[in-house]
2 protein chains.
Amino acid sequence: MEALSERQKLILTLVIHEYIRTAAPVGSNHLVTHYHLDFSPATVRNELQALTEMGYLRQPHTSAGRVPSDEGYRYFVGRLLQQSDMPSSTQRTITHQFYQMRHDTDQWMRLAASVLASQSRAASMVTAPHPEQVLYKHVELIATRGRQVLMVLVMLGGEIRQRLLTLSEPVSQEQLSAAADRLNALLQGKDTLAIQALSLPLDALEQAILDWVVDEMARADALPSGEVYLDGLTNVVGEPEFSDSEEARRTLRLLEERTLLNDLLTRSTVLTDAPVGGVQVLIGGEGSYDELRRCSVVLARYGAPGLAMGTLGVLGPMRMPYGRAISTVRFLAGLLSELVADTLVE
Amino acid sequence: MEALSERQKLILTLVIHEYIRTAAPVGSNHLVTHYHLDFSPATVRNELQALTEMGYLRQPHTSAGRVPSDEGYRYFVGRLLQQSDMPSSTQRTITHQFYQMRHDTDQWMRLAASVLASQSRAASMVTAPHPEQVLYKHVELIATRGRQVLMVLVMLGGEIRQRLLTLSEPVSQEQLSAAADRLNALLQGKDTLAIQALSLPLDALEQAILDWVVDEMARADALPSGEVYLDGLTNVVGEPEFSDSEEARRTLRLLEERTLLNDLLTRSTVLTDAPVGGVQVLIGGEGSYDELRRCSVVLARYGAPGLAMGTLGVLGPMRMPYGRAISTVRFLAGLLSELVADTLVE
DNA sequence: TTTAGCACTCGAACGCTGAGAGTGCTAAAA
DNA sequence: TTTTAGCACTCTCAGCGTTCGAGTGCTAAA
């Protein structure tokens, strides 16, 4: 594939800009008048023809303007789009919002999804950070009423799991605290397998608690990733490519299944020619999902490598504002990584 | 308003059934042939005319069939719809799903929203149970690294809040445990104001922790309700009344704002003539929201009165399957109430 | 290499028309 | 008095031809 001339790059960029703005096929006259080009429509037509032959543009029909093809978008994102950052004032505002919030993963994820959606003007998806290895940190037992005990299990990395247990007989808070202290001393930093392999001289209460702990840790192990948070579905429904409500329904369905992000990540790590600053851009489903044929996904991982990682991304029509989306995703991935690192429980 | 004859009730019911099924205006011939009525289309026409004059039906235009009016739906839901329960096999399956899940409010709410959406075939909304009065139960302090401490605060009713604190200087786990024990003894069962009013002889560490506790409890007090969980937005997008994507966008926007349920509840407690078994049905927005003019909402409160209450509901087009929606909402409200009561931390 | 000129193409919009569904009215039947 | 058959009337919708205009590709001149 021959290289594009500078003028061709310019024209491709303009076509994509204009198409993203208006959602209508772009014609030669329109380009010249709208962008005050110093060459004539005829020249533009020749270049459009060339770009079409190279596969970067399509014509919906003979006498319509041009529309970017999947390849066109890919070329644009990979080589023409100049990287930009979010305005630093916006960055500060958002950072502030996160820091003034109490430390609570659930709240953070909701805020992240909300910010991602409103900034990128697309649908957003965020998974909570999930430890790659589940390690014991601390257990706490709180007597409530009768034989019920509230167990709070803290994992290394800061994940907290709560569970209400029912014991075979009532136990005092003192006994519970003693059992918790004992287990905390014994299990510190161990993973599920190591704990299961241990054979310890425990009394009945301690053994019962240990069983619950192992069960809970095994569940955490089994989870492929954290919970998925969605927001901004509204942004997508309004777009003209989803005016066909059946198309819209199927795409939203895919989002609501809440497996998309993980599927995409496990399916292929090298997704595009040009993953920018850790941000991956997937255009037109890139073969993986039929429902995504008309969509693009911008995604990134975040977290503390080796300890706890999560994913976040946005989904929109192919004519999404890539600059905005990429800079938002990159910024939020960085911010969340920072937050995770800061609050990591060691 | 004069009473309806039995035949008029029958015909109104059939029109609503048929319209809910097909989303198309219902004509006299269609009714007679489809339901094998033993009177003629002309008779049906007379009745349709009477029902239209009484305001229970509308004609989109002179020569179309009839469509239920808001009043028609209200009459139907209030007086004609016979109450039904979900099949007990389904009830068992769902109950089982909840009970085999570990006790975790977040998981329960997600499951509830998901079940509600799939059973009622509409968009579902669930708010987490929120205590009407925030009372102290227990605090736990876990040393992590350096000056960071993970605080886990348990409220009466079982709500758990976690927060990562940064102290002015490193403190050992022993000191932390001692401080926690002291506070637990002093604050048991108190509310925010009572704790603030207390003047206690505390050392610096204890006082710092107390401040965090008060801050956290004040936040919980300030929250009007628990987090809002959404699901099944897809169900709504597919409906023909939302094929106008602008209409759909505005309605979904309302859902994504996540204030709908609480707004509805605070705005008016007596919502319809016939709240059935604690379930309230709101048809056509009933004056409260313009965006809801074409929607109906079925909702109920659940929880342990006086201790912790939440709300759940479904939103769909006016021609939603009310029987299904109402029985699903009623069943889930009951089930969640049971779960909340069972696991209440006293 | 660029550009003006021009014939050509094709979809969108518009208006017309006929078919069909459904009504309301009237008068006869029950 | 109630029900029903008959019938004229109304209004939407789908189909169809036509026009309009945007945009193209080609050619020949600049």
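Within every chain, numbering begins at 1; the chains are lettered A, B, ... in the order of the sequence lines, protein sequences first and strands thereafter.
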> Distance only, no hydrogens: is a donor on one side chain within 3.5 Å (strictly under) of an acceptor on the other, for A/Tyr35 and A/Glu18?
Replying inline: yes

> Of B/Ala42 and A/Arg66, whose nearest nucleotide on DNA chain D comes first from the 5' end?
Replying inline: B/Ala42

> Between C/dT2, D/dT24, D/dT10, which nucleotide has the shortest distance from any of its atoms to the side chain of B/Ser63?
Replying inline: D/dT10

>> Output the rounded distance in Å from CD (A/Glu47) to C1' (C/dT2).
In response: 11 Å

> Run the side-chain contact (heavy atoms from CB on, under 4.5 Å) check on B/Leu51 and B/Leu4 step by step: do they pass?
Replying inline: CA-CA 9 Å; B/Leu51 287 166; B/Leu4 297 188; 4.1 Å; yes

>> Which nucleotide, if any, forms a Watson-Crick or G-U wobble pair with D/dC9, using both distances under 3.5 Å?
In response: C/dG22

> Considering Watson-Crick and G-U wobble pairs with both distances under 3.5 Å, what does D/dA30 pair with?
Replying inline: C/dT1

> Under 4.0 Å between a side-chain N or O of A/Gln59 and OP1 or OP2 of D/dG25?
Replying inline: yes

>> In whole Å, I'd like the distance from the CG atom of A/Leu57 to the C1' atom of D/dG25.
In response: 16 Å

>> The test is salt bridge (Lys or Arg N to Asp or Glu O under 4.0 Å); show your working for A/Arg293 and A/Asp70 and say whether it passes.
In response: CA-CA 9 Å; A/Arg293 229 179 338 179; A/Asp70 293 18; over 6 Å; no

>> One pair to check against side-chain contact (heavy atoms from CB on, under 4.5 Å): A/Leu37 and A/Thr43. What are the steps and the verdict?
In response: CA-CA 10 Å; A/Leu37 300 183; A/Thr43 310; over 6 Å; no

>> For A/His17 and A/Phe76, take the angle between the two ring planes, folded into 0 to 90°, and tell me which bin it lands in: parallel under 30, tilted 30 to 60, perpendicular over 60.
In response: perpendicular

> Any donor-acceptor pair under 3.5 Å between the side chain of A/Thr62 and the base of C/dT9?
Replying inline: no

> Which of these nucleotides, D/dT24, C/dT23, C/dT3, is closest to any side-chain atom of A/Ser28?
Replying inline: D/dT24

>> Side chain of B/Gln49 only, heavy atoms from C-beta on: which candidate in C/dG24, D/dT24, D/dT4 is closest?
In response: C/dG24

> In Watson-Crick or G-U wobble terms, both distances under 3.5 Å, what is the partner of D/dG21?
Replying inline: C/dC10

>> Counting only side-chain heavy atoms from C-beta out, which of D/dG25, D/dT12, C/dG24 sits nearest to B/His61?
In response: D/dT12

> From D/dT4, D/dG25, C/dT2, pick the nucleotide closest to the side chain of A/Arg45?
Replying inline: D/dG25

>> Looking at A/Thr43, I'd like to know whether one of its side-chain N or O atoms comes within less than 4.0 Å of OP1 or OP2 on C/dT3.
In response: yes

> B/Asn46 near the nucleic acid: base, sugar-phosphate alone, or nothing, with a heavy-atom cut-off under 4.0 Å?
Replying inline: base

